[in-house]
Amino acid sequence: MITIKPIGKSADDLRFFILLDGHHAGGITVHSVQGSCFSYGVAITETKRRQGVARTALPILFDFMKRRGFDTVCIQVKP
């Protein structure tokens with residue numbers, strides 16, 4: 001089971017651990033917030049890559065951000 005856990009020190013500090021069965025599998029940081037749009041970065045630990053961790057974690061993030069009033073996400077993909 002994949003979950004995200006907020007680790008920021010305030011409600012505006014949008015950093016999260018990604019947990020796979022309760023164990024650290026990566027992290028997500030919301031980099032920029034402008035109006036109702038946000039962008040983010042995601043990192044998956046080397047041993048958990050190619051297992052669908054990010055694919056499962058991102059909809060959880062999107063739902064979290066939607067509940068906070070965001071309706072648009074800007075995505076850049078980099079190797």
What pairs of donor and acceptor atoms, side-chain ones from residues 16-25 against any protein atom, are under 3.5 angstrom apart with sequence neighbours left out?
| residue | atom | partner | partner atom | Å |
| --- | --- | --- | --- | --- |
| Asp21 | OD1 | Met1 | N | 2.5 |
| His24 | NE2 | Gly26 | O | 3.1 |

With Thr47 via side-chain contact (heavy atoms from CB on, under 4.5 Å) - residues at least two apart: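 side-chain contact (heavy atoms from CB on, under 4.5 Å) check on Thr47 returns Thr45.
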Listed once per pair and sorted, the salt bridge (Lys or Arg N to Asp or Glu O under 4.0 Å) pairs that draw on residues 36-52, sequence neighbours left out: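 Non-adjacent pairs meeting salt bridge (Lys or Arg N to Asp or Glu O under 4.0 Å): zero.
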Validation row: Val30, Met65 side chains within 4.5 angstrom (heavy atoms):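 In contact.
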Side-chain heavy atoms of Phe70 within contact of Val33, under 4.5 Å: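 Sidechains of Val33 and Phe70: in contact.
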Arg68: partners by salt bridge (charged side-chain N to carboxylate O under 4.0 Å, His left out), with sequence neighbours left out: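 With neighbours one apart ignored, the set is Asp12.
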Under the salt bridge (charged side-chain N to carboxylate O under 4.0 Å, His left out) test, residues paired with Asp13 that sit two or more places apart: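 Asp13 satisfies salt bridge (charged side-chain N to carboxylate O under 4.0 Å, His left out) with Arg15 only.
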Side chain to side chain contact (heavy atoms under 4.5 Å, CB included) evaluation trace for Thr29 with Leu14: CA-CA 6 Å; Thr29 301; Leu14 299 171; over 6 Å; no
Pairing residues for Ser36 by the side chain to side chain donor-acceptor pair (under 3.5 Å) criterion, not counting sequence neighbours: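 Side chain to side chain donor-acceptor pair (under 3.5 Å) list for Ser36, sorted by chain: Asp71.
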Closest heavy-atom pair and its distance - Val42, Ala54: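 For Val42 and Ala54, the tightest heavy-atom pair comes out as CG2-CB, 4.4 Å.
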Using distance only, find each side-chain donor-acceptor pair of residues 55-64 under 3.5 Å and give its atom names and separation, not counting sequence neighbours.
| residue | atom | partner | partner atom | Å |
| --- | --- | --- | --- | --- |
| Thr56 | OG1 | Gly52 | O | 2.9 |
| Asp63 | OD2 | Arg67 | NE | 3.2 |
| Asp63 | OD2 | Arg67 | NH2 | 3.3 |

